[in-house]
Amino acid sequence: MSRLRIDFAAPGLRRTMYRTHPGTWALAVLALAAAAGAGGVAWTLYHQQRAYETQLAGVTRRASAAAAAPAKVSAQPIPEGQAAAVNAVVLQLNLPWRDLHDAVAQATPPTIALLALEPDARKRALRITAEARDADGMIGYIEELKKQELFASVALMHHETNEADPNRPLRFQLEAQWVAR
């Protein structure tokens with residue numbers, strides 16, 4: 001037979017504590033320790049957040065003060081050589097490449113072989129090296145380039161027959177001045 005518990009005493013704290021299983025007490029102690037640890041971590045994080053907010057407020061104040069104050073620009077003159085070099089680079093970067101390419105492509109027939117396009121930004125000139133089968137093809141190409149609105153003038157600079165090639169093409173150089181837009 002199993003043990004029978006008969007207890008007619010009124011319920012109370014002392015009696016409840018006496019009857020509570022030891023595993024329950026261990027679990028309660030662990031829960032209290034975990035709660036205390038979480039509270040400690042929360043307290044530490046709260047203070048870190050306050051420190052970061054204070055630091056951020058100081059940085060924001062300094063940044064707004066720096067933005068409000070005008071930047072000090074040194075009044076050193078730029079050397080003439082450096083200014084000329086910068087201006088040359090800017091001219092080279094501002095070449096109307098697309099317009100030049102389109103104008104040359106539109107004027108170039110299939111009988112002309114383009115070998116080189118060399119722009120000179122300071123003179124607004126484009127030096128074109130090409131080959132044609134004969135003199136008539138070369139002159140026709142020059143006339144087509146003169147019809148292009150982008151070019152103010154087109155002039156033949158040099159021509160020669162390539163004797164090393166069995167087809168003996170006519171190699172020529174011309175210079176086209178373009179109009180600023």
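Position 1 is the first residue of the sequence; numbering continues from there.
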- prompt: Under 4.5 Å between side-chain heavy atoms, hopping through other hydrophobics if needed: is there a path connecting Trp25 to Leu27?
  reply: no
Smallest heavy-atom separation, Ala130 atom then Ile112 atom, equals CB-CG2, 3.9 Å
Closest non-hydrogen contact found for Glu149 with Val179 is O-CG2, 4.3 Å
Interatomic distance, CZ@Phe172 vs CD1@Ile142, rounded to 0.5 Å, equals 6.0 Å
Rounding to 0.5 Å, atoms CG (Asn87) and CD (Gln82) come to a distance of 10.5 Å
Between the NE2 atom in His101 and the CG atom in Leu150, the distance rounded to the nearest 0.5 Å is 13.0 Å
For Lys123 and Gln177, the nearest pair of non-hydrogen atoms, with its separation, is O-OE1, 2.9 Å
- Side chain proximity check, Gln173 to Glu175, heavy atoms < 4.5 angstrom: no
CG (Leu174) and CE (Met138) are apart, to the nearest 0.5 Å, by 9.0 Å
Practice item. Please confirm whether the backbone N or O of Pro169 pairs with a side-chain atom of Asn167, one donor and one acceptor, at under 3.5 Å? Key: no
Review point. Transitively linked via ILVMFWY side-chain contacts under 4.5 Å: Leu91 with Leu95?
Key: no
Correct closest heavy-atom pair for Leu145 and Ala107 would be CD2-CB, 3.6 Å
One should read off an interatomic distance between Leu56 CG and Arg61 CZ, to the nearest 0.5 angstrom, of 10.0 Å
Residues Arg14, Tyr18; criterion side chain to side chain donor-acceptor pair (under 3.5 Å); working and verdict: CA-CA 6 Å; Arg14 188 176 189 184; Tyr18 176 75; over 6 Å; no
Check whether any side-chain heavy atom of Gln49 lies under 4.5 Å from a side-chain heavy atom of Leu45, and answer yes or no. no
Could you check if a side-chain atom of Thr161 sits within less than 4.5 angstrom of a side-chain atom of Glu163, using non-hydrogen atoms only? yes
When every non-hydrogen atom of Thr16 is compared with those of Thr20, the smallest separation belongs to O-OG1, 2.6 Å
- Message: Quick check: is Trp178 connected to Met157 through a chain of hydrophobic side chains (ILVMFWY, heavy atoms under 4.5 Å apart)?
- Response: no
Crowded around Arg168 CZ? As in, over 12 foreign heavy atoms under 6.0 Å? no
When the ring planes of His47 and Trp43 are compared, do they come out parallel, tilted or perpendicular, using 30° and 60° as the limits?
perpendicular
Step by step, would you call Asp120 with Arg127 a side chain to side chain contact (heavy atoms under 4.5 Å, CB included)? CA-CA 8 Å; Asp120 184 356; Arg127 185 174 295 258; over 6 Å; no
- Message: Show, in sequence, the C-alpha distance, side-chain angles and deciding distance for Phe151 and Leu126, and conclude whether the side chain to side chain contact (heavy atoms under 4.5 Å, CB included) test is met.
- Response: CA-CA 9 Å; Phe151 298 123; Leu126 178 65; 4.2 Å; yes
Just wondering, more than 12 heavy atoms not from Arg19 lying within 6.0 Å of its CZ?
-> yes
Correct closest heavy-atom pair for Gly137 and Ala132 would be C-CB, 4.2 Å
dist Leu114:CG -> Thr108:OG1 (nearest 0.5 Å) comes out at 4.5 Å
Practice task
Decide whether Ile128 and Leu156 are clustered together by the hydrophobic rule: side chain heavy atoms of Ile, Leu, Val, Met, Phe, Trp, Tyr closer than 4.5 Å, transitively.
Solution key: yes
Is there a path from Leu100 to Leu115 through hydrophobic residues (I, L, V, M, F, W, Y) whose side chains come within less than 4.5 Å of each other?
no
Handout entry: Enclosure of Leu30 CG (heavy-atom neighbours >12, cutoff 6.0 Å)
Key = yes
May I ask you to say whether Arg171 pairs ionically with Glu160, meaning some side-chain N is under 4.0 Å from a carboxylate O?
-> no
